[in-house]
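A short worksheet on the structure shown next.
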Amino acid sequence: TTSLVTCIQNFPKSRGPTVGILKGFAGLSSAILTQLFAVMHTPDHATLIFMVAVGPSLVAIGLMFVIRPVGGHRQVRSSDKNSFMFIYTICLLLASYLVGVMLVQDFLEVSDNVAISLTVFLFILLISPIAIPVVLTFSLKTEYPSPYEEALLSEALKGEAGTSHEREDQPELILSEMEDEKPKDIDSLSPSERRRRIADLQTKLVQAAARGGVRVRKGPRRGENFTLMQALVKADFWLIWLSLLLGSGSGLTVIDNLGQMSQAAGFKDGHNFVSLTSIWNFLGRVGGGYFSENIVR
């Protein structure tokens with residue numbers, strides 16, 4: 001959850017899968033912690049509660065210096081789709097493995113060594129997606145710009161900085177205005193022709209705004225960055241907030257109290273209900289992210 005916004009910025013073309021995978025693993029944490037608790041065999045429940053309370057916070061604090069925006073729109077790779085499919089495969093294997101482990105431990109008398117081995121393999125599955133950045137780092141170096149291209153890019157950036165002062169006296173045009181008026185086929189043009197078309201369009205919009213023919217919006221629109229105060233006055237924000245309150249809020253309430261509910265109903269192995277619900281929650285979130293991206297496209 002703490003890295004959600006940063007990861008969306010890094011993968012702007014795959015926002016649905018990114019959200020689904022991150023939130024899915026958060027939902028799977030109950031089943032993973034249940035497996036850890038089965039291995040620990042500690043009668044001290046306070047130890048488990050302390051681990052659950054402090055562990056995720058330490059992970060978030062430790063990774064906040066590593067996970068950062070890296071200009072994802074400039075680093076879209078042709079292999080991104082295959083990488084996400086690999087992570088989806090790991091997700092399905094992980095869910096199936098947890099169900100299998102739970103059934104084995106429920107129907108058979110598993111020794112401590114076997115339980116530890118099952119948990120170790122669980123951690124191997126959890127960290128296996130690290131293979132994607134490792135492989136990309138060593139095998140796709142040719143996709144990075146050459147020194148000559150980097151020099152051209154730096155010159156272009158200097159030129160943009162030099163002309164920025166000339167644009168200060170022009171009416172402010174929000175990016176969404178350009179998106180509304182942009183021709184549908186402009187993305188298929190060459191970069192130079194695309195820049196020329198957009199520059200002509202911006203000039204026309206500036207002239208129209210000066211004549212009063214175009215109303216320039218004063219704030220961001222959907223898909224752009226909002227400050228907190230800008231979001232609080234938008235109906236979209238309160239619609240999303242209410243949806244999360246009714247959907248995720250009720251779901252989290254049930255999950256957090258599922259163990260007590262199963263005990264109150266007379267079931268002895270409440271951890272099975274907690275683990276199964278966590279796994280279905282995980283699959284629902286991952287699948288929701290995958291299908292929502294396809295629907296939007």
Side-chain angles (χ1 to χ4, degrees), residues 1-32 56 59-60 63-64 66-96 98 125-133 135-136 140 143 175-176 179-180 182 184 187-188 220-226 230-231 234-252 255 277-297:
T1 303
T2 54
S3 63
L4 188 62
V5 175
T6 302
C7 290
I8 290 176
Q9 292 175 346
N10 288 339
F11 297 98
K13 299 292 186 181
S14 304
R15 292 176 292 183
T18 301
V19 174
I21 290 169
L22 290 175
K23 300 299 289 183
F25 276 103
L28 195 66
S29 58
S30 299
I32 297 172
V59 171
L63 292 179
M64 65 185 297
V66 179
I67 301 177
R68 62 189 186 278
V70 293
H73 62 285
R74 299 174 184 170
Q75 303 188 44
V76 177
R77 300 175 182 271
S78 58
S79 60
D80 283 350
K81 184 177 180 181
N82 293 332
S83 299
F84 277 108
M85 291 305 298
F86 175 75
I87 297 179
Y88 279 131
T89 303
I90 295 297
C91 291
L92 295 177
L93 286 175
L94 195 57
S96 304
L98 282 170
L125 280 177
L126 276 175
I127 66 173
S128 58
I130 197 71
I132 294 175
V135 171
L136 292 177
L140 295 178
E143 291 194 12
L175 180 61
S176 56
E179 293 294 331
D180 289 342
K182 193 170 65 173
K184 299 297 183 182
D187 292 330
S188 61
R221 287 185 56 194
R222 292 173 181 168
E224 299 172 357
N225 290 328
F226 285 76
Q230 288 173 337
K234 291 291 185 180
D236 282 359
F237 171 82
W238 293 107
L239 178 62
I240 294 173
W241 181 84
L242 182 63
S243 302
L244 287 174
L245 177 67
L246 298 179
S248 300
S250 58
L252 289 174
I255 292 173
T277 304
S278 177
I279 293 170
W280 309 144
N281 187 13
F282 167 72
L283 293 175
R285 294 183 182 198
V286 172
Y290 175 78
F291 289 111
S292 66
E293 186 74 15
N294 290 336
I295 291 172
V296 168
R297 287 181 179 175

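This is a predicted model, so every value here is computed, not measured.
- Applying the ring-ring contact (aromatic ring centres under 6.0 Å, His included) rule to Trp241 yields the partners Trp238; only residues at least two apart in sequence or on another chain are considered.
- Rounded to the nearest 0.5 angstrom, Ser128 OG and Leu93 CG are separated by 8.0 Å.
- Atom NZ of Lys23 sits about 6.5 Å away from atom CG of Leu4, to the nearest 0.5 Å.
- Put simply, CG on Leu94 and CD1 on Ile279 are 8.5 Å apart, with the number rounded to the nearest 0.5 Å.
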Derivation of the side chain to side chain contact (heavy atoms under 4.5 Å, CB included) call for Phe25 and Leu126 = CA-CA 9 Å; Phe25 276 103; Leu126 276 175; 3.9 Å; yes
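- Expressed to the nearest 0.5 Å, how far CG of Leu28 lies from SG of Cys91 amounts to 8.5 Å.
- Residue-environment remark: CZ (Phe237) exceeds the threshold of 12 foreign heavy atoms within 6.0 Å.
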Verdict with reasoning, Leu63 to Ser3, per side chain to side chain contact (heavy atoms under 4.5 Å, CB included) | CA-CA 9 Å; Leu63 292 179; Ser3 63; over 6 Å; no
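- Gly289 approaches Ser292 most closely through the heavy-atom pair O-OG, 3.0 Å.
- Surrounding CD1 of Ile130 are at most 12 heavy atoms belonging to other residues, nucleotides or ligands under 6.0 Å away.
- Atoms CD1 and OG, from Ile8 and Ser14 in turn, are 11.5 Å apart once rounded to the nearest 0.5 Å.
- Here the straight-line distance linking atom CG of Asp236 with atom CZ of Phe226 works out to 7.5 Å at 0.5 Å rounding.
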List, one per line, each side-chain donor-acceptor pair under 3.5 Å for residues 82-89, sequence neighbours excluded.
from	atom 1	to	atom 2	distance (Å)
Ser83	OG	Ser79	O	3.0
Thr89	OG1	Met85	O	2.9

